[in-house]
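Below is one structure, written out as structure tokens, with a few remarks after it.
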There are 2 protein chains.
Amino acid sequence: MVRPGGRSARVQAAVHAAVRELASEVGRDALTVPLVARRAGVTPSTIYRRWGDLQELLSDVAVERLRPEASPGDHGDLYADLTAWAEQFLDEMASPAGRSYIRDALLGDPDGSNAGQCSAYAAEQLETVLARAAGRGDVTPDVETVMDGVVAPLMYRILFRPDGLDAPYAHRLVAQALGRTGP
Amino acid sequence: MVRPGGRSARVQAAVHAAVRELASEVGRDALTVPLVARRAGVTPSTIYRRWGDLQELLSDVAVERLRPEASPGDHGDLYADLTAWAEQFLDEMASPAGRSYIRDALLGDPDGSNAGQCSAYAAEQLETVLARAAGRGDVTPDVETVMDGVVAPLMYRILFRPDGLDAPYAHRLVAQALGRTGP
DNA sequence: CCTTAGACGCAATGATTTTGCTTTAAGCTG
DNA sequence: CAGCTTAAAGCAAAATCATTGCGTCTAAGG
């Protein structure tokens, strides 16, 4: 039985807000459950019962922050749309804050559902871009191709190789995924 | 000043061994610093001072376990070599134990050096395979191409999308990276 | 309105983490 | 090789955090 409204919802909102506030005030590494609880006006045991531990709570908050806020912009053609999207994706994800969210989302995620959600967000955005291109009559790759060719390499480098990540690299990936050899 | 030998080295070895033993006896989730310390014959404060916390310790141990044990096998041609390597990579990394090590390696890794090491292991193995192919006179893609085209998609799915990972998928990635459309 | 059960608060208990100080021994230096 | 210097380990107390039982509150359904 789930209780989406009322007090439970208020507690959840207060705790999430407390995490975000404290993360920017004292830094993510200084967060503790009792600290968050005090700020949220809640007892620690509430957080432990509901989220299990700090990591799962942070994972929850991280997934919310990784949710895209807007639909991908329309720049006239598929190549421009994808390039712009990849560039924004890179900016958001490769920033220190973005990396931190990604790590948190992966971390406190026993069943992999939060990580799956992150991937679904990207796939959803790509669907939009590709459907728009198809509506223009363009021939488009499918979502899987772009996930493998653009999203995966970007994310791999964000997680495993902090170096060599810049806009030109993202552009190359998009061009390759679209079957071009250059812009 | 670093002290690579003597007591420090013995402590490090004992602690690493204790982690591996206990992980297989009681499960990775039941590990605690005091537990590891007792098994290693060491005081908890030693571990806290040296590694910071349990996650950084587990990250250290995980990277060791992710180190390849043998050079990639020789199967006659580049396509066969890469296919076999990708298949083995997938087997090892996508297993529950492999996923757990990858997560641990990424997790307790403030400066990203452990994650970088994992990536370097894969790159090193690919170097071997590609150099061998070049020695045969074959035209070969460079390491970056294979990292982007094969390793990154596999790792992305391992971390973010537990489904749809099987040998045929790995084969397709290899074929695409080598510029073929089919085997 | 009344019932029911999930979620929260409180408080006690146990475990982990931190910290100051002491002791050990690795690695230099003469 | 003996002595010195200092990083690293041990020890123990104190602080903080995690867990759990029990009572209360309140959302959701009848």
Side-chain angles (χ1 to χ4, degrees), chain A residues 1-23 25-62 64 104 107-111 113, chain B residues 1-23 25-62 64 103-104 107-111 113-114:
Chain A
M1 193 179 183
V2 188
R3 297 203 171 185
R7 182 164 72 161
S8 297
R10 280 197 303 278
V11 167
Q12 152 137 1
V15 169
H16 276 222
V19 168
R20 287 192 297 271
E21 289 170 21
L22 288 169
E25 288 174 24
V26 303
R28 183 217 164 291
D29 291 341
L31 293 183
T32 66
V33 170
L35 187 68
V36 171
R38 271 195 298 279
R39 172 65 64 101
V42 158
T43 47
S45 65
T46 295
I47 294 182
Y48 287 118
R49 283 217 162 85
R50 186 145 164 189
W51 281 278
D53 61 13
L54 182 65
Q55 288 180 358
E56 290 187 45
L57 170 58
L58 291 180
S59 183
D60 247 34
V61 174
E64 274 199 358
D104 284 342
L107 213 102
D109 194 19
D111 59 350
S113 60
Chain B
M1 192 178 182
V2 188
R3 297 198 171 185
R7 182 166 69 163
S8 296
R10 282 197 302 278
V11 166
Q12 152 138 357
V15 169
H16 276 221
V19 167
R20 287 192 297 270
E21 290 169 22
L22 288 169
E25 288 175 23
V26 304
R28 184 213 163 294
D29 291 341
L31 294 182
T32 66
V33 170
L35 186 68
V36 171
R38 272 196 298 280
R39 172 66 63 101
V42 156
T43 51
S45 64
T46 294
I47 294 182
Y48 286 117
R49 283 211 228 266
R50 187 146 163 188
W51 280 277
D53 61 14
L54 182 65
Q55 288 182 357
E56 290 187 46
L57 170 57
L58 292 180
S59 182
D60 251 32
V61 174
E64 275 197 0
R103 279 170 46 117
D104 284 343
L107 213 101
D109 193 17
D111 60 350
S113 59
N114 283 349

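Numbers restart at 1 for each chain; the letters A, B, ... are given by sequence-line order, proteins then strands.
- With rounding to whole Å, B:I47 atom CD1 is found 15 Å from C:dA15 atom C1'.
- Distance, B:R38 CZ to D:dA9 P: 19 Å, rounded to whole Å.
- Put simply, the residue from B:V36, B:V19, B:L107, B:D53 that forms a side chain to side chain contact (heavy atoms under 4.5 Å, CB included) with B:L58 is B:V19.
- The side-chain contact (heavy atoms from CB on, under 4.5 Å) check on A:R38 picks up A:P34, A:L35, with sequence neighbours excluded.
- Following rounding to the nearest Å, B:L31 (CG) and C:dT16 (P) show an atom-to-atom distance of 12 Å.
- Counting to the nearest Å, the P atom of D:dT19 and the CG atom of B:D29 are 12 Å from each other.
- The distance from atom CG of B:L35 to atom P of C:dA15 is 12 Å, rounded to the nearest whole Å.
- For B:R103, there are no side-chain hydrogen bond (donor to acceptor under 3.5 Å, both in side chains) partners at least two apart in sequence or on another chain.
- Residue A:L54 contributes atom CG, which lies 17 Å from atom P of C:dT16 at whole-angstrom precision.
- Legend: residues meeting side-chain hydrogen bond (donor to acceptor under 3.5 Å, both in side chains) with A:S45, ordered by chain and number and at least two apart, are absent.
- Checked against side-chain contact (heavy atoms from CB on, under 4.5 Å), B:N114 has the following partners two or more places apart in sequence or in another chain: B:S59, B:D60, B:V63, B:D109.
- With sequence neighbours excluded, the residues that form a side-chain hydrogen bond (donor to acceptor under 3.5 Å, both in side chains) with B:T43 are B:T46.
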Check the interface with nucleotides 8-10 of chain C: list each N/O to N/O pair with the protein under 3.5 Å, or write none.
residue : atom : partner : partner atom : Å
C:dC8   : OP1  : A:R50   : NH1          : 2.6
C:dC8   : O4'  : A:R7    : NH2          : 3.4
C:dG9   : OP2  : A:T43   : N            : 3.3
C:dG9   : OP2  : A:T43   : OG1          : 3.2
C:dG9   : OP2  : A:T46   : OG1          : 2.5
C:dG9   : O6   : A:R49   : NH1          : 3.3
C:dC10  : N4   : A:S45   : OG           : 3.0

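- Between the CH2 atom of B:W51 and the C1' atom of D:dA9 there is a distance of 11 Å, rounded to whole Å.
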